[in-house]
Every structure is written in structure tokens, then in C-alpha cells.
Amino acid sequence: MGEATTNSVRLPQGPRIPKAAMGIAFLTARHRAVATVGKRYGSTFTLKLPIFGETVVISDPVLIKDLFTMSSDLVGRASNLGTVLGPGSTFSLDGAEHRARRKLLVPPFHGKRMAGYEAIVEEEVMRETETWPEGREFETLQPMMRITLNAILRTVFGAQGTSFDELRKMFPPMVPLASRMAVMPAAVRRDLGPWSPWGRVQRYRRRYDEIIAELISEARSDPAFEERNDVLALMLQARYEDGSPISDGHIADELLTLLAAGHETTATTLAWAVERLRRHPRLLSRLTAEVDAGESELLQATIWEVQRTRPVVEATIRVTRDRIRLGEWVIPKDHAIIASITMAHNLEQNFADPKAFKPDRFLGTNPDTHTWIPYGGGIRRCIGASFANMEMNVTLRTMLREFELGTTYAAGERHHSRGVATAPSRGGRAVVYRRKAGSKSTTRSGSERVSA
Ligand code: HEM
């Protein structure tokens, strides 16, 4: 690997493609662009990108570990999502403020609490799959989007009744519009009336804030407030070290963040799971037998392997707050570093036969946190990882219990970038047949309401 050295800075080499051309390649064929450059330059290289400028791309586990464990005084968040999610969003916070917020958010999302949400997810899967057609191919991405949206609204927002109905209608048009605006230059984010894109985002946001204010006031006046276990109620009860609560405005920003970060990512992973399972008939029969036997080890390994081979977030970005050393490289202040999730998952040194879809590789072992990184890592690691894993597990096991999934010899679906997440290009198409044996819930806890 060659390097460029100037004034004690030592950066890896990379293609001399102009920023704009690389930007177009990234927007239109991110997956292929990274794979092509990686093939030529190895696991570490420099890319010139619009917005971020010169960017170091890493995937080697030693460098990934160094980056993820580096102090937040040295590397911080590089994301413009905060501009649309608001100043109280985790995506807008850095350093001490971010650490303090994480302390309050980690307990509500702790793995041990997740079993309490399983019954709600199963109800949403049953509601959505009730109308699935038999013997006719259909896309599963939109159904998965409805399942994960409704699950978050009920378990995280504690929404029910009219607020649940209004929010589940509002988000499908609002979230894609807002995420498109997040990646536009600031000049485009101007309210030019109710029909302009930013004007529409602002209008949605005003109505969203009104609904959240109602949910907050209902929660506070709920006689069972203390016993509730939806994330909104837990955030309202949480206190920073100085005894102060999270302000209502910040709670509204944070709920929107949890929804934006958690709904599409989980749904696209589920659509990929369907896409992979249809093409692996032997695995599918083993999984069905396992679910019928009330076990889950192979299903967990399958979820991990779907995330390894089809990570829906392909990279995570940090920016240096100071000049840093990363392995043999010396990277200047204010420089972007991309940890490429796709490349890390495809390194031969990390996974034998990396292109092959082989869930068995994870049987009897947990994935390593610096080679298997679909949720990123360190202080910025995805807060909703246990939540997403629980949702995917309940959705897939309920599907396998209720349906026989038609298999296919068709070529795998290609990668389609939806902005933040990468989805199967044909929406994870499935053919299903209802299983005749009466269905029996595989959820451990009974159906309990999370909110009052
Ligand atoms: C399969 C589903 C999901 C995937 C693949 C995923 C992936 C990621 C990734 C790659 C990051 C960036 C981590 C980093 O920079 O190191 C992230 C951050 C985050 N995710 Fe997820 N996520 C998923 C589901 C969820 C869910 C269900 C929620 C919440 C309900 C959630 C909430 C968040 C939040 C709040 C952050 C920001 C954390 C911070 O900056 O401190 N995610 N996620």
C-alpha cells in the first residue's frame, strides 16, 4: 500500500478520480464503487468525496478497533442528519453531551428489556400478514416497513388510538422527504411555501410536535405512569447526573431519531432475509423445523449472516477533532474517516469464503465486535441493536410458523440504495403458502400493553 506524506501527515493512497465523479458513483452504485476501489487498493485507501472531501476508508479489524475505541475528544460524529432531526437528537450531540444522553438511552434499550416487547411485534406481524396473498409473488419490503413502523410507535412512542393512527399515516411520506433534505446543500432547506419540499417538512414537523406534546401530557397524567415500559415513559422519568430531566423538545427530537434510525434499517434487513431464505431451500427447511421445535439458535445465526452479507448501512463515518494516528497512518484534524461495513464483512481474513451465505459459521459462537459491524461500534454503536434483533427474530419466526416460503432459482436481487439504507432492488419478493397446522404463539411473554 502506498501513501501520501505532507507535513507529518501520512494518508493511504486512492484513485485519482475527481470528487464529483466519485460522488456520482457513490450515490448511484455505492456498493459496486467501494468494492471496485477495494479490489485495487486493498483494505485501506483515500477517496475524494463531495461534502466530506478527502476521506480515509478503513475495513481492517485492527484499525476498526482503534477507531471505535478512540476517545471522543479525538474523533466525533460526522453526520448532517441532526439538521432535520433537531438539536435534541443523538445525531446532533457530540462529546460530553452525547455521553450524557447515551447514559439515559442505553437502559431503555438494554437486551434484557426486549422480551417485554415481543408480544407487540408478533401482533403487528399477524396483523400485516393476515392479507398476504397465497401463491402469488409480492414485495415484502413495504409490509416489513409497516411492521417495524407500528412496532416502534407502540413500544417506543407508547402511541395508541388516534395519535398512533395519525403518526403511522404521517411517517411514510415524511421520513423519505426529510432524509432527502438532510443530504441537500443548506440553501435548498428554505421554506418557500406549503408546497416547497422544506415547507412540507416544516408543516409535518409542526403537526408532529403537537402530537408528541399530547403524548407527553397523556403520559404524565397517566395513573400507571411509573409502571409503563414504553421508551417515551422511561425517557420522561430519566434524569441527568445533575438531576435535570430531558426537555420535552429534546424528547420530541429523540423519538423522531429513534424512528428514523430504527424503522427502515430493520425493515430492509428483513426484506433481505426473505430474499436470502428463498434462495437457500435446505436452510429454510432446517429453520422451519427449528421454529416448530421452539428453538432459535439457527435463526439467530441466520440473522447475523444476513447482516454480514447484506448490511443495510454500508458504512459509518467519523471526523477527526485533532491530528490522530491510526495504525501506520497519521490523519489531520477535521478529516473524515469511513469504517466500511461492507468491506469489513467481505475480508477473507475476517470470514472464510466471505461471499458465501452460510449461517452455520455462527453456530455456537457470537460474532466478533470488530469484524462483524452492521451496528457500527464504540460509543456511537447503534442503540437499537437489541431492539432490532428482537424484532427480526419475532418477525421471521412468526412468518416461518405461519407460512411456507416458496423457493426460487432466480438470481439474487441487486443492491438498491434508498439513501440511508440499502434494500433488495425488487423489494425482497416472496411467494407464500399458509401452513395448515393451527398457529400457536412462539412469544415467551403474554400479550401485555407497554403503555397504559
Ligand atoms: C437492523 C437494524 C439496524 C441497523 C443495521 C442499524 C445500524 C446502525 C448503525 C451502523 C449506526 C451507526 C453506528 C456508528 O456510527 O458506530 C446506528 C446508530 C444508531 N441507531 Fe441503529 N440500526 C438498526 C436499528 C436501530 C433501531 C431499531 C433503533 C432504535 C429504535 C436504532 C437507533 C439508532 C440510534 C439512536 C443511533 C445513533 C447512536 C449514536 O450516535 O450514539 N437503530 N445504527
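Read the numbers this way: they start at 1 and go in the same order the structure lists the ligands and their atoms. The shown structure was predicted, so the numbers you read here are calculated from the model rather than taken from an experiment.
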> Is there any N or O on Glu391 that sits under 3.5 Å from an N or O of ligand 1?
Replying inline: no
> Are the aromatic ring centres of His335 and Trp329 under 6.0 angstrom apart?
Replying inline: no
> Under 4.0 angstrom from ligand 1, any heavy atom of His263?
Replying inline: no
>> Counting non-hydrogen protein atoms only, what is the nearest one to atom 7 (C) of ligand 1? Give residue, atom name and distance.
In response: Pro374 O, 3.5 Å
> Under the ring pair (Phe, Tyr, Trp, His ring centres under 6.0 Å) test, which residues partner Trp198, sequence neighbours left out?
Replying inline: none
> With distance as the sole criterion, is a donor-acceptor pair present between the side chains of Ser72 and Arg99 under 3.5 Å?
Replying inline: yes
>> Quick test: of every protein heavy atom, which one is nearest to atom 16 (O) of ligand 1, and how far off is it to 0.1 Å?
In response: Arg318 NH2, 2.8 Å
> Rounded to the nearest 0.5 Å, how far does CZ of Arg205 lie from CD of Glu210?
Replying inline: 12.0 Å
> For His250, which residues count as a ring pair (Phe, Tyr, Trp, His ring centres under 6.0 Å) partner, sequence neighbours excluded?
Replying inline: none
> Listing by chain and number, what protein N/O/S atoms are under 2.8 Å from atom 21 (Fe) of ligand 1?
Replying inline: Cys382 SG
>> Could you identify the single nearest non-hydrogen protein atom to atom 40 (O) of ligand 1 and state the distance to 0.1 Å?
In response: Arg77 NH2, 2.2 Å
>> For atom 35 (C) of ligand 1, what is the closest protein heavy atom, and at what distance to 0.1 Å?
In response: Leu258 CD2, 3.9 Å
> Does Phe357 have its ring centroid less than 6.0 Å away from the ring centroid of His280?
Replying inline: yes
>> Looking only at the side chains, is there a donor atom on one of Thr398 and Glu122 sitting less than 3.5 Å from an acceptor on the other?
In response: no
> Applying a strict 4.0 Å limit to heavy atoms, is His98 in contact with ligand 1?
Replying inline: yes
> Do Asn389 and Ser386 have a side chain donor and acceptor closer than 3.5 Å?
Replying inline: no
> Can you tell me how far CD1 of Ile324 sits from CG of Asp66, rounded to the nearest 0.5 angstrom?
Replying inline: 8.5 Å
> Among protein heavy atoms, which sits nearest to atom 36 (C) of ligand 1, and what does the distance come to when rounded to 0.1 Å?
Replying inline: Phe91 CZ, 4.0 Å
>> Going by the closest heavy atom to atom 14 (C) of ligand 1, which one wins out of Met392, Gln307, Arg380?
In response: Arg380
> In the protein, what heavy atom is nearest to atom 38 (C) of ligand 1, and what distance, to one decimal place, separates them?
Replying inline: Arg102 NH1, 3.5 Å
> Tell me: protein heavy atom nearest atom 1 (C) of ligand 1, and distance?
Replying inline: Thr269 OG1, 3.5 Å
> So is Thr316 polar-close to ligand 1, meaning N/O to N/O under 3.5 Å?
Replying inline: yes
> Atom CZ in Arg310, atom CD in Gln307: separation rounded to 0.5 Å?
Replying inline: 13.0 Å
>> Any donor-acceptor pair under 3.5 Å linking the side-chain atoms of Glu391 with those of Thr148?
In response: no
> Can you list the atoms of ligand 1 that are under 4.0 Å from a heavy atom of Phe387?
Replying inline: 27 (C)
>> Among Arg321, Arg318, Arg77, which residue satisfies the salt bridge (charged side-chain N to carboxylate O under 4.0 Å, His left out) criterion with Asp94?
In response: Arg321
> So does Glu305 pair up with Arg276, basic N to acidic O under 4.0 Å?
Replying inline: no
>> Under 4.0 Å from a heavy atom of Gly377: which atoms of ligand 1 are those, numbered in the order shown and with their elements?
In response: 16 (O)
>> Going by ring pair (Phe, Tyr, Trp, His ring centres under 6.0 Å), name the residues that satisfy it together with Phe403, two or more places apart in sequence or in a different chain.
In response: Trp132
> Against heavy atoms of Thr266, which atoms of ligand 1 measure under 4.0 Å?
Replying inline: 1 (C), 2 (C), 24 (C), 27 (C)
>> List ligand 1 atoms under 4.0 Å from Thr90, heavy atoms only on the residue side.
In response: 38 (C), 39 (C), 40 (O), 41 (O)
